[in-house]
Amino acid sequence: MIFANRRMLIAAAFAAAMLPGCTAVIDQSSFFPQNMPPPALTLAPPPGYLLSDAMLDLPDLGVIHAVRLDNPASETAIVYSGGNGNFVSAMTERAAALAAATGADIILYDYPGRGGTTLPATIDASIATGPLLLRELRRRRWIGTGPLFAYGLSFGGSQAAAMAREGGFDGLILEGTAADIASVGRNFIPALAKPFVRLRVDPQLSRFDFLGYAASAGAPILLIASRADDVVRPRNMRDFAGQLRGRGAEVALVTVPGAPGTALREAEARAALGRFVAAHSRR
């Protein structure tokens, strides 16, 4: 699992390096940054798509803001989980890329504190959200009987895996993400600071079993890595692929040019995504 607000974390690592024996801590607040200003943007649907916007009630958790981008010609759906700095309102470019690559319906949602979402910004709520959200999406018929995929970018990879852990998905797509929190966390620390900074992962985070959730989904997995990603580096994703295969998962790994979060700007990544969705649409 990784973080979108990397500039703040890098700055903190530099500050930490100024203090002898300083320890950088990764905890719940690292995964759920609060009080982020919303972008001055409005989500526009891809050409030919219809937009539905709703506040969904998840029992015992709160309300989540969700948007459905519906292609009337498609029965396939992709539930998309963005990085932890993501806002649905800023998703126009990525939604267009997903639509161009797959033609699928696209379902987006906002994390705690954004777009009116009132869910707690905690690991427990993060674990519980996926299955409850799926039930509500099915109740509203935003998800029907057609092929279903979960796509997660960066931190959203963990959320997509948690959503898919109970099965029922035809495929899981994970971009720029890995389950080794400590390894990815150390990638945030500038090379000059690494000798001076210890990294500690809050033991509470171990309850979120990203690797186990992805493997237990029982679905084929497409991993997409960007060569210039300096946080979740291609080697991190190769290691992730090996871990998943070790647990019996069917995994394909595609590495494309570009910086973090930009893979779908590459024709190679869009083509790989389109092939994956087409190959694993079982209905």
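- The shortest distance between side-chain heavy atoms of Val79 and Met163 falls below 4.5 Å.
- Side chains of Leu223 and Glu175 form no contact here, defined as non-hydrogen atoms less than 4.5 Å apart.
- Under the 4.5 Å side-chain criterion, counting only non-hydrogen atoms from C-beta, Met36 is in contact with Arg114.
- With contacts defined as side-chain heavy-atom distances shorter than 4.5 Å, the pair Phe276/Ile173 qualifies.
- With rounding to the nearest 0.5 angstrom, the CE atom of Met91 is 14.5 Å from the OG1 atom of Thr42.
- No side-chain donor-acceptor contact under 3.5 Å links Ser154 to the backbone of Gly156.
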>> With side-chain hydrogen bond (donor to acceptor under 3.5 Å, both in side chains) as the criterion, how do Ser126 and Gln159 come out once you've worked through the C-alpha distance, each side chain's angles and the decisive distance to 0.1 Å?
In response: CA-CA 7 Å; Ser126 180; Gln159 306 307 290; 2.6 Å; yes
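- A heavy-atom distance below 4.5 Å is found between the side chains of Arg165 and Ile127.
- Heavy atoms only, all atoms of each residue included: Ala215 and Leu244 are closest at N-CD2, 4.1 Å.
- With hydrogens and angles disregarded, a donor-acceptor distance shorter than 3.5 Å links the side chain of Thr122 to the backbone of Ala125.
- Here the side chain of Thr117 pairs no donor or acceptor atom with the backbone of Gly113 at under 3.5 angstrom.
- Side chain of Asp239 to main chain of Asn236: no donor-acceptor pair is present (N/O by atom type, distance under 3.5 Å, no hydrogens or angles).
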>> Pair Tyr111, Phe155 - check ring-ring contact (aromatic ring centres under 6.0 Å, His included), show working.
In response: CA-CA 11 Å; Tyr111 292 137; Phe155 165 79; 5.5 Å; yes
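- Linking Ile, Leu, Val, Met, Phe, Trp and Tyr whenever their side-chain heavy atoms come within less than 4.5 Å leaves Leu137 and Met55 in two separate clusters.
- No salt bridge links Arg227 with Glu266; every basic N to acidic carboxylate O contact stays at or beyond 4.0 Å.
- If you take CG on Leu148 and CZ on Phe169, they are separated by 4.0 Å, rounding to the nearest 0.5 Å.
- Taken to the nearest 0.5 Å, the CG atom of Leu153 stands 9.5 Å off from the OG1 atom of Thr262.
- The shortest distance between side-chain heavy atoms of Phe210 and Thr177 falls below 4.5 Å.
- The OG1 atom of Thr255 sits 7.0 Å away from atom CZ of Arg238, with the distance rounded to the nearest 0.5 Å.
- Between atom CG of residue Leu134 and atom CD1 of residue Ile143 there is a gap of 5.0 Å, rounded to the nearest 0.5 Å.
- Side-chain contact between Leu58 and Val63 is absent, with no heavy-atom pair separated by less than 4.5 Å.
- Without hydrogens or angle criteria, Ser89 side chain to Leu43 main chain gives no donor-acceptor distance under 3.5 Å.
- In this structure, Arg138 contributes its side chain and Arg135 its backbone to no donor-acceptor pair below 3.5 Å.
- Under the 6.0 Å cut-off for aromatic ring centres, Tyr80 and Tyr109 do not qualify, their centroids lying 6.0 Å or more apart.
- Panel note: side chain Asp110, backbone His65; no donor-acceptor pair is recorded below 3.5 Å.
- From Leu133, atom CG reaches atom CG of Leu119 across 9.0 Å, with rounding to the nearest 0.5 Å.
- A 4.5 Å side-chain heavy-atom check between Arg140 and Leu56 finds at least one atom pair inside the cut-off.
- A salt bridge links Asp124 to Arg207: at least one charged side-chain nitrogen sits closer than 4.0 Å to a carboxylate oxygen.
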> Between Tyr151 and Ser81, does a side chain to side chain contact (heavy atoms under 4.5 Å, CB included) hold up when you go through it step by step?
Replying inline: CA-CA 6 Å; Tyr151 191 123; Ser81 301; over 6 Å; no
>> If you apply the rule side chain to side chain contact (heavy atoms under 4.5 Å, CB included), what do you find for Leu69 with Ile107, and how did you get there?
In response: CA-CA 6 Å; Leu69 301 174; Ile107 297 170; over 6 Å; no
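- Annotation: salt bridge (Lys or Arg N to Asp or Glu O under 4.0 Å) contacts involving residues 241-261, sequence neighbours excluded, are absent.
- Annotation: Phe208 is in aromatic contact with Tyr213 [ring centroid separation under 6.0 Å].
- Hydrophobic clustering (side-chain heavy atoms under 4.5 Å, transitive across Ile, Leu, Val, Met, Phe, Trp, Tyr) groups Leu51 together with Tyr49.
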>> Quick one, Phe240 with Val251, criterion side chain to side chain contact (heavy atoms under 4.5 Å, CB included). Give me CA distance, side-chain angles, the key distance, then yes/no.
In response: CA-CA 10 Å; Phe240 191 26; Val251 182; over 6 Å; no
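- Of all heavy-atom pairs spanning Ser74 and Ala104, the tightest one is OG-CA, 3.7 Å.
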> Going through the checks in order, is the side chain to side chain contact (heavy atoms under 4.5 Å, CB included) test met by Asp105 and Thr76?
Replying inline: CA-CA 6 Å; Asp105 296 349; Thr76 300; over 6 Å; no
